[in-house]
K.L.:
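Could you have a look at this structure, given as structure tokens, before my questions?
Just so we're clear, the structure is a prediction, and the values are computed from it rather than from any experiment.
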Number of protein chains: 2
Amino acid sequence: MTTPKYELAGATNETCPTRHLLSRLDGKWKILILYHLLNGEHRPGQLERLIEGVTRQVLTQQLKELEGDGLVEKAIFAEMPPRVEYRLSAFGQRLEPILDQLYDVGRYYVRHVRPRPDFTDADCRKLVG
Amino acid sequence: MTTPKYELAGATNETCPTRHLLSRLDGKWKILILYHLLNGEHRPGQLERLIEGVTRQVLTQQLKELEGDGLVEKAIFAEMPPRVEYRLSAFGQRLEPILDQLYDVGRYYVRHVRPRPDFTDADCRKLVG
DNA sequence: CGGTATCCAATCTGATACTG
DNA sequence: CAGTATCAGATTGGATACCG
């Protein structure tokens, strides 16, 4: 520890932007929700069918949290029957490069650091073409 | 949703590299620990003093988890009295760009998306000079 | 179809005291 | 100085049933 790169003198755990942002992504299904919304807007029923294992209650709750935190926007169309759609907010779209980087490093991790054969290329895969 | 960018067909929540990696950072003090170790190796007592609010028990536990997950390495020097040091592993060092990006976007978030005046520039600040 | 209420089990973290 | 054991409180997410 010669020349410190990070000034952490007043760093309390409660006022750390990194932790604060990560806490907004904390939730068992939020990452997967965001990946789906990166593909475009979705209706709740779609997400419930696409995300294997999630219950409606928790899906609703996590969407509401994402909306309240300004990562996701909800649109209600006054049709008959009414229609609901969720999409990424402008800020939510700013998360894409981070999610991509997390995915790349995460894949490296499960391959070379703590190998897990059950992780395949099909998992949360980003289309390259 | 015209041309999907992410192939999520087989995406179960359990085999998502992003979530897997993030789960390794999950822990109330791990981010702050990593920031400190980005500055160089530290002894447990140092970290306990630097990280305001952490108890020795939880600090020990989170360091052990970080070590078991391959993000941090522990060195025990057979001196008298014995000395313990923690430092980032090679993979842990690969997290630096992600932590930087998370910090930048997080700071934007607390400033412009969900403003929080209690977050100041002093928090987890990266030295620019 | 979309959202909610209630109950419950698992997990995480803080407090405290103890070991080497 | 470094690490551990035990207990209690809070939070999280799952199961189920119900409302508009």
K.L.:
Let's go through A:L102 and B:L22 carefully: what are the C-alpha distance in whole Å and the side-chain angles of both, what is the deciding distance for side-chain contact (heavy atoms from CB on, under 4.5 Å) to 0.1 Å, and is it a yes or a no?
P.N.:
CA-CA 8 Å; A:L102 282 170; B:L22 283 179; 4.0 Å; yes
K.L.:
Could you tell me the separation between the CD atom of B:Q57 and the P atom of D:dC1, rounded to a whole number of Å?
P.N.:
18 Å
K.L.:
Rounded to the nearest Å, what distance is computed from the CG atom of residue A:D26 to the C1' atom of nucleotide C:dC12?
P.N.:
11 Å
K.L.:
B:L8 versus A:H36: any side-chain heavy-atom pair under 4.5 Å?
P.N.:
yes
K.L.:
Less than 3.5 Å apart, any donor N or O on the side chain of A:Y86 or A:Q46 sitting next to an acceptor on the other?
P.N.:
no
K.L.:
Give a yes/no answer on whether the side chain of B:W29 brings an N or O atom under 4.0 Å of OP1 or OP2 in C:dG14.
P.N.:
yes
K.L.:
Out of D:dC1, C:dG14, C:dG3, which has the shortest distance to the side chain of A:Y86?
P.N.:
C:dG3
K.L.:
Does a side-chain N or O from A:K28 land closer than 4.0 Å to OP1 or OP2 of C:dT11, or not?
P.N.:
no
K.L.:
Quickly work out the B:E65 CD to D:dG3 P distance and round it to whole Å.
P.N.:
14 Å
K.L.:
Can you tell me how far P of C:dC12 sits from CZ of B:R24, to the nearest Å?
P.N.:
11 Å
K.L.:
B:L63 has an atom CG; how far is it from atom P of D:dA2, in whole Å?
P.N.:
11 Å
K.L.:
Round to a whole Å and report the spacing from CG of A:N13 to P of C:dG14.
P.N.:
9 Å
K.L.:
Pick base, sugar-phosphate or nothing for B:Q62, based on heavy-atom distances below 4.0 Å to the nucleic acid.
P.N.:
sugar-phosphate
K.L.:
Does the side chain of B:K64 get closer than 4.0 angstrom to OP1 or OP2 of D:dA2 through an N or O atom?
P.N.:
no
K.L.:
For B:P44, answer base if it contacts any base atom (sugar-phosphate contacts may also be present), sugar-phosphate if it contacts only those atoms, and nothing otherwise; contact means non-hydrogen atoms under 4.0 Å.
P.N.:
sugar-phosphate
K.L.:
Before giving the answer on salt bridge (charged side-chain N to carboxylate O under 4.0 Å, His left out), spell out for A:E14 and A:R19 the whole-Å C-alpha distance, their side-chain angles and the decisive distance to 0.1 Å.
P.N.:
CA-CA 8 Å; A:E14 281 66 33; A:R19 257 190 61 79; over 6 Å; no
K.L.:
Mind calculating the distance between CZ (A:R43) and P (C:dG3) to the nearest angstrom?
P.N.:
10 Å
K.L.:
Could you work out, with side-chain hydrogen bond (donor to acceptor under 3.5 Å, both in side chains) as the rule, every residue matching A:Y35, not counting sequence neighbours?
P.N.:
B:T18
K.L.:
Check the distance between D:dG20's P and A:R56's CZ and give it to me in whole angstrom.
P.N.:
15 Å
